[in-house]
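In what follows, a structure is listed as structure tokens, so that the remarks can point back to it.
Quick caveat, the model's predicted, so the values are computed rather than measured.
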Amino acid sequence: MQASRARLFKEYKEVQREKVADPDIQLVCDDSNIFKWTALIKGPSETPFEGGVFQLAFAVPEQYPLQPPQVRFLTKIFHPNVHFKTGEICLDILKNAWSPAWTLQSVCRAIIALMAHPEPDSPLNCDSGNLLRSGDVRGYQSMARMYTRLAAMPKKG
């Protein structure tokens with residue numbers, strides 16, 4: 001557990017340094033628990049998520065970095081690899097392809113990449129996956145855009 005605390009503290013210091021360097025990701029450590037983090041990520045440009053800001057919750061295990069963090073979307077998102085109700089993310093690096101070389105920041109980068117390049121063949125959201133698998137990209141994009149507007153964009157007025 002001491003090693004995981006040291007690693008997380010090192011990542012915390014890096015995040016403080018990189019705040020300006022990476023405007024798409026804002027990682028924040030819980031004040032009272034270094035094993036709980038949240039992130040705000042910007043939806044990638046030229047996707048239905050563009051203009052949205054999505055909140056992620058990280059639960060970091062005591063065996064980190066030997067085991068991956070549990071990450072889920074707190075913001076509702078219409079995406080084939082994200083469970084609509086729980087926010088669970090289907091991403092290989094959070095499961096069997098995890099490596100201690102990954103950091104919380106690089107996990108956020110991978111999630112942004114997944115948002116831009118969905119994998120409809122391993123869906124957690126079957127409705128979204130089915131739209132893409134049947135070739136209805138327009139239908140998928142309009143649903144994803146609608147949920148981005150409803151859940152991930154600041155309310156005007």
Nearest atoms (heavy-atom pairs only) where Val107 meets Phe58:
CG1-CE2, 4.0 Å
Step-by-step side-chain contact (heavy atoms from CB on, under 4.5 Å) determination, His79 to Phe49:
CA-CA 10 Å; His79 188 284; Phe49 311 108; 3.8 Å; yes
Under the rule for side chain to side chain donor-acceptor pair (under 3.5 Å), what residues qualify as partners of Thr75, not counting sequence neighbours?
none
Counting heavy atoms not belonging to Gln70, are there more than 12 under 6.0 Å from its CD?
no
Could you give the side-chain donor-acceptor pairs of residues 108-123 under 3.5 Å, partners two or more places apart or in another chain?
residue: Arg109; atom: NE; partner: Asp22; partner atom: OD2; Å: 3.4
residue: Arg109; atom: NH2; partner: Asp22; partner atom: OD1; Å: 2.8
residue: Arg109; atom: NH2; partner: Asp22; partner atom: OD2; Å: 3.2

What pairs of donor and acceptor atoms, side-chain ones from residues 85-101 against any protein atom, are under 3.5 angstrom apart with sequence neighbours left out?
residue: Thr86; atom: OG1; partner: His83; partner atom: ND1; Å: 3.3
residue: Thr86; atom: OG1; partner: Glu88; partner atom: N; Å: 3.2
residue: Lys95; atom: NZ; partner: Ile89; partner atom: O; Å: 3.2
residue: Trp98; atom: NE1; partner: Pro65; partner atom: O; Å: 2.7
residue: Ser99; atom: OG; partner: Ala101; partner atom: N; Å: 3.1

If the condition is side chain to side chain contact (heavy atoms under 4.5 Å, CB included), which residues does Ala57 pass it with, not counting sequence neighbours?
Arg72, Leu74
Stepwise side-chain contact (heavy atoms from CB on, under 4.5 Å) check, Gln105 with Val15
CA-CA 8 Å; Gln105 183 92 2; Val15 164; 3.8 Å; yes
Before you tell me yes or no, could you show the steps for Phe35 and Ser4 under side-chain contact (heavy atoms from CB on, under 4.5 Å), namely the whole-Å CA-CA distance, both residues' side-chain angles and the distance that decides it to 0.1 Å?
CA-CA 9 Å; Phe35 294 100; Ser4 59; 3.5 Å; yes
Would you say Ser106's side chain and Trp102's backbone share a donor-acceptor pair under 3.5 angstrom?
no
One pair to check against side-chain contact (heavy atoms from CB on, under 4.5 Å): Phe78 and Gln141. What are the steps and the verdict?
CA-CA 9 Å; Phe78 188 77; Gln141 288 182 337; over 6 Å; no
With sequence neighbours excluded, give me every salt bridge (charged side-chain N to carboxylate O under 4.0 Å, His left out) pair touching residues 27-54.
none
Show every donor-acceptor pair shorter than 3.5 Å between a side-chain atom in residues 144-153 and any protein atom, with sequence neighbours excluded, or say none if there are none.
residue: Thr148; atom: OG1; partner: Pro48; partner atom: O; Å: 3.3
residue: Thr148; atom: OG1; partner: Ala144; partner atom: O; Å: 2.8

Partner residues of Arg5 under the salt bridge (Lys or Arg N to Asp or Glu O under 4.0 Å) criterion, sequence neighbours left out:
none
Minimal heavy-atom distance between Tyr64 and Leu104, with the atoms involved, is OH-N, 3.6 Å
Apply side chain to side chain donor-acceptor pair (under 3.5 Å) to Asp136 and list each qualifying residue two or more places apart in sequence or on a separate chain.
none
Where Cys29 and Ile34 come nearest, the two heavy atoms and their spacing:
SG-CA, 3.7 Å
With clusters built from Ile, Leu, Val, Met, Phe, Trp and Tyr whose side-chain heavy atoms come within less than 4.5 Å, directly or transitively, what are the remaining members of the cluster of Leu40, listed by chain and number?
Val53
Applying the 4.5 Å side-chain criterion to the ILVMFWY set and letting contacts propagate, would Val82 and Leu124 be lumped into a single cluster?
no
Suppose the criterion is salt bridge (charged side-chain N to carboxylate O under 4.0 Å, His left out): which pairs have a residue in residues 57-71, not counting sequence neighbours?
none
Heavy-atom count around Phe84 CZ within 6.0 Å, excluding the residue itself: above 12?
yes
Please enumerate all residues that pass side chain to side chain donor-acceptor pair (under 3.5 Å) together with Ser45, with sequence neighbours excluded.
none
Side chain to side chain donor-acceptor pair (under 3.5 Å) partners for Arg7, two or more places apart
Glu11
